[in-house]
Structures are given as C-alpha cells and as structure tokens.
Amino acid sequence: MASTASDILVDVLVDWGVDTIFGMPGDGINGIVEALRRRQDEIRFIQVRHEEAAAFAACGYAKFTGRLGVCIATSGPGGLHLLNGLYDAKLDHQPVLAITGLQYHDLVGTYTQQDVELDKVFQDVALYNQRIMGAAHVRNIANLACRTALAHRGVSHITIPVDLQEQGIGADMRAPRNVKGHNTALFAPQLPVPSEAQTRRAVEVLDAGKRIVILAGQGALRATDQLERLADKLGAVIVKALLGKAAVPDDSPFTTGQVGLLGTAPSQEALETCDTLLIAGSTFPYIEYYPKPGQARAIQIDIDAARIGLRYPVEAGLVGDCGLALDILTERVRRHEDRSFLKTAQAGKAEWMKLMEERGTRPDLPMKPQVVAWELGKRLSDTAIVACDSGTIATWWARQIPARRGQMHSLSGNLATMAPGVPYAIAAQLAHPERQVIAYVGDGGFSMLMADFATAVKYKLPIKVIINNNNSLGQIKWEQIAMLGNPEYVCDLQPIDFAKVAEACGGRGFTITDPKDCGATLDAALAHPGPVVVDCLVDTNEPPMPPKVQAKQALHFSEALARGTPDALKIAATVFKGRAREVI
C-alpha cells in the first residue's frame, strides 16, 4: 500500500501500464528511486550513462511500441540533460513522460545548490508541465500527465521537490474539493471519422486526378495495406517521408521510395509531374520538395486538425485515423484504369535501384559507405528494427537499406539530432527482445553517447551497432561545400577505434576496411549472441548526392573546391567518377 508521495507516483505508473523507465539515480530523486526499488518486480529501471540517452530511449520506446515512454532525472543538471531527447519526442509527436526532482520546496528560488526550476525550463518542450505540491497532489497530476502525453502525442513533465517525495499520505491534508478516488488511469484513444462533406470533396479531387501521388508519413505506419489498396485503385505512386519509411515496403510496386534531399530521383520526378497529391499522415517539413503551389490539387489526412494545410494548400482535410480514412476513400473512389503515370514511376524506380546496386557493390578502396548499407540491408530479418542516426548515415539508410514488410525503421525526423541511434536501439530491444535490432549510426553521432553501449552490455541486450566511420562530421562538411560554397572547416574528427571501445565495454567489436570482407564480417557480427559494434572505415570523400543536383549546388561545389577545401582533388575525383546518371 502506498505510504509516500513517491509510492503514489509509482502506483499511477503501474496503473498506466508502464513497465520500463530510463534514467540515472541522483540525490534529487532519491525518494522516487526508493519507491521504484520497492516495485522493481513491476517496473524495471534501466540505468543509462547519460540522461540525454534516457530521454532518447523513452522516445524510441514510444516509437517502437506506441506506448508511453518514461524517463527520470535528478534536479538541476540531470533534468537539463533530458531536454534534447524530449525535444526529439515533441517534434516527432511521441508520448513521453519526464519525471525530475527539485531541491527542497522551501529553498527553491534561494540560490541553493542545483536550484533550477525545471518546470519553468520545460515550458516549451512539454505540453503538460506541473510541479507537485504535496502527496495529495500526486495522483491527480500524474494521471493527467500520462493521459495528456498519450492523447496529444507529446511530452508531459512532472517535477517534485526532493523533500515532498518522502511526504507521507497523512501529512498533507486533502483540500475539501479533492475528493478521494475522483479520477482514474483510463485512456480512451481517439479514432475520429472524417466529416462527410470533406470526404465527398476528397473523393471528387481524387476521381478527377490523372497523375496521383500519395505522400506517406509517420501517421501511416500502421496503414500499409490501406495505402497499397488505395494506390492500386487510383494507379497512384506512393512516396515516403523519412519517418514513413516503413509505411510501405520498398518492394511494393506502388512506391518509389523516399522524398527530399535524401530521397530518390523517381520520387522527386513523381512530385514534380503529379496533378493530384494525397498527404497521408505526414507534415514532411521541406516545403521546397512538394509540388509547386497551384500545380497539384491536394487533400490531406491527419489526426491533428491544426496540421491540415500546413505544408501545401489543400482542398479537403480529413481529420481522423489514417487507416480508417484511407479505407473510406478506397471504398468510394472510382477505379483509374490509366496506369501510365505509375508505369513511368516504376521504370524510374527500376533504373534508380540499378544505380543503388552499382553504388552498393563498388570494390573501391577506401570502402564506400553505400557498400555497408547495401550488405546490411540484404541481411536484415523480416522483423528487424533499425534505428538510424542523423548525418550522411541517414542518406545511406534511406536509399540503400530497403524496408521490408514487418520491419520497423526510425530516426530523429524533425529535430534531426545526432546520437539517438543507440538509445533507440536499447529501447527497441527491451520492448521486443525476440527481434533483431540494429543501430545504424555515424561515428560523430555514436561518439556523443557511446558510453551507453555499456548499457546494452549491462542488460545483455544483443543490439548490433553498425558504424559508418568516415572520421568526419560528414553532413556538415557537404553542407559547407555544396549548400554554401565554402571550404570545409572544422569537420574532421580525431579517429577512434570503436571496436576496441566495444571490447572495453564488455561487448564484441569487429572492424571492416575492405568491401570484399564486408558481407562475411556482417554475417559474423549479426550471428553473435550479444551486443556488437562493427566499425566500418569508409571513404570520407563520398558525398550524399541529392536525387537531382541543382545548378546552384554544382556552382557552390566548384567554388568550395577552388577556395581551398582540403583534399579538393580527391573529392572531385570521387564525386565525378562514374556519376553521370546522378549529375545529369
């Protein structure tokens, strides 16, 4: 039976089905940690090496389960360390509860040690953000925090002064209006049906379309069959935002793959030539890659009415569950017999995939990063979970690693932060112990939180960390060169032997330097029963080419080389060697 404020908090978490919490202990949360110790048979505490990893793991847990992710940190610096991972959850709309400590309630605001009023700090990141005032306050606030995070798919934050965590039930009298037992741990998910008027309008637009593109995002991840059925009826092409990579398998005859800077040429061509656009569960942020306003008639499906028309002018907005809305549209639209637009896209995809295979099988030394992605993609299980990181690594993940039906893929989509790959993988393996889990990361991102590979070792999590190691902040390097026309500056990284890091943490390490050895080494790494790091030394001069090189980008590239970019001749040779199909 609950006896302190912290016990009540843990009671509420158990009532909401929370079974995992990520964090680090600290003197600002000792009362809560003790309550968790007493209930460790119901909630497992996963101790990380950095609070940022705890928040990333909570976000990843939410992404790969659809459930509430929870993280905890001590007062002051511990809570501050959570912020990056919590913004990742906010921008990718994931339900996460953050719990932090505060200093003694009667010393807050007096410049005492670690006197950071975290509820004020978290005002922007959290859509529900409250300070606990006593034991009688906990149940009301904690229930509402969990419910709000789930209902609005965002971050909730609770902060509790350290002395109040130990407060007994009877020591804090209830207010007269705070009737015992007046609330409950019940979440009723919303599955709204789109309005009839908007549905009719959407059907009219789709029926009139001749070259239809469906842009599938994160909101369509659980609507794979519905997307393909509607695409089949409309003769439509499905293109995918990064967070929607697993919405449709890449071997589907209807998809041409990703869109945007990391996307495919046939996807971009489909968007440039379509006359009708259906946006399904996506607010893909790069407006420049949408059709030009006025080119295409558009409709949008989104669970959030505020996001209708956010990126592109639409004639109909279907507010509701994506799968349900797609089913309604499929039932009501007419069948389009003209398949010419789809066939053109399919031909473009076939040509693109030949190019990807060519890039993924090159025997060059230094080894090309595409080789690692290509060989890894062939070896993933049908139920693999792949957590990617930000940087050039995301390009190879988007293009060279096909998503198969039954797999899950994710990365930091809208925040595009470095370092979530390993914490995401840890969370995924805890949530799905029977599945193959891969962290596909760059050396820059991995080195930020590489101590948390030891977390995987500690909890015997057989994650496989595949590092494309180019000893560079590669994405920044190519942005400096191709986007700005500036010489590369301060992007080179001091080399680290990541295989030795893995061994030092108690895991297994492999190193790949030659493409001839890549497949066999990956086989050995994937077969190892414990946590593994594979350090893949790849060509630092291999650029992540956009699907279509713009004249401005080519000009900036030439200017940057001429102005003194290190290794300019090697870069030029790498970029232009056999790349006619990408540049033209």
Side-chain angles (χ1 to χ4, degrees), residues 356-389 391-404 407 409 421-422 424-426 428-429 435-447 450 452-454 456-457 460-472 474 493 495-542 574:
M356 292 303 98
E357 181 175 9
E358 177 186 317
R359 298 287 173 244
T361 55
R362 288 175 62 177
D364 308 49
L365 288 172
M367 182 169 61
K368 300 300 179 183
Q370 298 97 317
V371 172
V372 179
W374 184 262
E375 293 295 335
L376 177 63
K378 294 191 296 184
R379 289 166 168 79
L380 295 178
S381 73
D382 290 341
T383 59
I385 301 174
V386 182
C388 188
D389 219 321
T392 56
I393 192 77
T395 299
W396 319 132
W397 166 78
R399 294 176 177 172
Q400 308 286 146
I401 299 180
R404 296 208 290 272
Q407 292 179 346
H409 292 253
V422 169
Y424 273 19
I426 288 170
Q429 195 74 82
R435 297 178 72 160
Q436 181 188 60
V437 176
I438 308 293
Y440 181 61
V441 299
D443 53 320
F446 179 71
S447 61
M450 64 184 173
D452 269 290
F453 181 73
V457 174
K460 298 179 173 59
L461 304 175
I463 65 170
K464 307 299 183 270
V465 182
I466 314 299
I467 304 173
N468 261 21
N469 185 354
N470 59 10
N471 292 315
S472 173
L493 296 175
I496 297 174
D497 188 332
F498 293 114
K500 287 184 178 178
V501 170
E503 301 284 350
C505 289
R508 182 73 189 277
F510 294 84
T511 301
I512 306 175
T513 60
D514 193 316
K516 296 195 303 293
D517 304 324
C518 188
T521 305
L522 286 173
D523 284 337
L526 295 173
H528 184 73
V532 169
V533 165
V534 184
D535 189 5
C536 308
L537 303 182
V538 299
D539 189 355
T540 190
N541 294 321
E542 182 69 16
T574 300

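As the structure is a computational prediction, the values presented were derived from the model and not from experiment.
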So, the side chain of [X] versus the backbone of [Y]: is there a donor-acceptor pair under 3.5 Å, distance only?
{"X": "Glu503", "Y": "Gly509", "value": "yes"}
{"X": "Lys464", "Y": "His528", "value": "yes"}
{"X": "Thr521", "Y": "Cys518", "value": "no"}
{"X": "Gln400", "Y": "Val371", "value": "no"}
{"X": "Asp539", "Y": "Pro366", "value": "no"}

I want to check something: taking the side chain as every heavy atom from C-beta on, are [X] and [Y] in contact at a cut-off of under 4.5 Å?
{"X": "Thr361", "Y": "Trp374", "answer": "yes"}
{"X": "Cys536", "Y": "Met367", "answer": "yes"}
{"X": "Leu376", "Y": "Ile438", "answer": "yes"}
{"X": "Asn471", "Y": "Pro495", "answer": "yes"}
{"X": "Gln370", "Y": "Arg399", "answer": "no"}
{"X": "Val437", "Y": "Tyr424", "answer": "no"}

State, to 0.1 Å, how close [X] and [Y] come at their nearest heavy-atom pair, and which atoms those are.
{"X": "Pro462", "Y": "Pro529", "result": "CB-O, 3.2 Å"}
{"X": "Pro369", "Y": "Trp396", "result": "CB-NE1, 3.4 Å"}
{"X": "Ile512", "Y": "Val534", "result": "CD1-CG1, 3.6 Å"}
{"X": "Ala428", "Y": "Ile385", "result": "CB-CG2, 3.9 Å"}
{"X": "Asp523", "Y": "Arg379", "result": "OD1-NE, 2.7 Å"}
{"X": "Gly507", "Y": "Val457", "result": "N-CG2, 3.8 Å"}

As an exercise, state the distance from [atom1] of [X] to [atom2] of [Y], rounded to the nearest 0.5 Å.
{"X": "Thr540", "Y": "Asn468", "atom1": "OG1", "atom2": "CG", "result": "11.5 Å"}
{"X": "Leu365", "Y": "Lys516", "atom1": "CG", "atom2": "NZ", "result": "6.5 Å"}
{"X": "Phe453", "Y": "Ile426", "atom1": "CZ", "atom2": "CD1", "result": "9.0 Å"}
{"X": "Ile466", "Y": "Ile393", "atom1": "CD1", "atom2": "CD1", "result": "9.5 Å"}

Q: If the plane angle is over 60° it's perpendicular, under 30° parallel, otherwise tilted; pick one for His409 and Trp397.
A: tilted

Q.
Just to verify, which of Thr513, Asn469, Thr511 counts as forming a side chain to side chain donor-acceptor pair (under 3.5 Å) with Asp535?
A.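 It is Asn469, the one option of Thr513, Asn469, Thr511 that forms the side chain to side chain donor-acceptor pair (under 3.5 Å) with Asp535.
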
Q) Please walk me through it: do Gln407 and Val386 pass side-chain contact (heavy atoms from CB on, under 4.5 Å)? A) CA-CA 8 Å; Gln407 292 179 346; Val386 182; 5.5 Å; no

**Q.** Verdict with supporting geometry, Asp389 and Phe446, side-chain contact (heavy atoms from CB on, under 4.5 Å)
**A.** CA-CA 8 Å; Asp389 219 321; Phe446 179 71; 5.8 Å; no

Q: Please test Leu380 against Ile401 for side-chain contact (heavy atoms from CB on, under 4.5 Å), starting from the C-alpha separation and ending with a verdict.
A: CA-CA 9 Å; Leu380 295 178; Ile401 299 180; 3.8 Å; yes

**Q.** Matching residue for Val533 among Val465, Val501, Val422 - test: side-chain contact (heavy atoms from CB on, under 4.5 Å)
**A.** Val465

Q. So with a 6.0 Å cut-off around NZ of Lys460, is the heavy-atom count from everything else above 12?
A.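 For Lys460, atom NZ is not crowded (no more than 12 foreign heavy atoms under 6.0 Å).
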
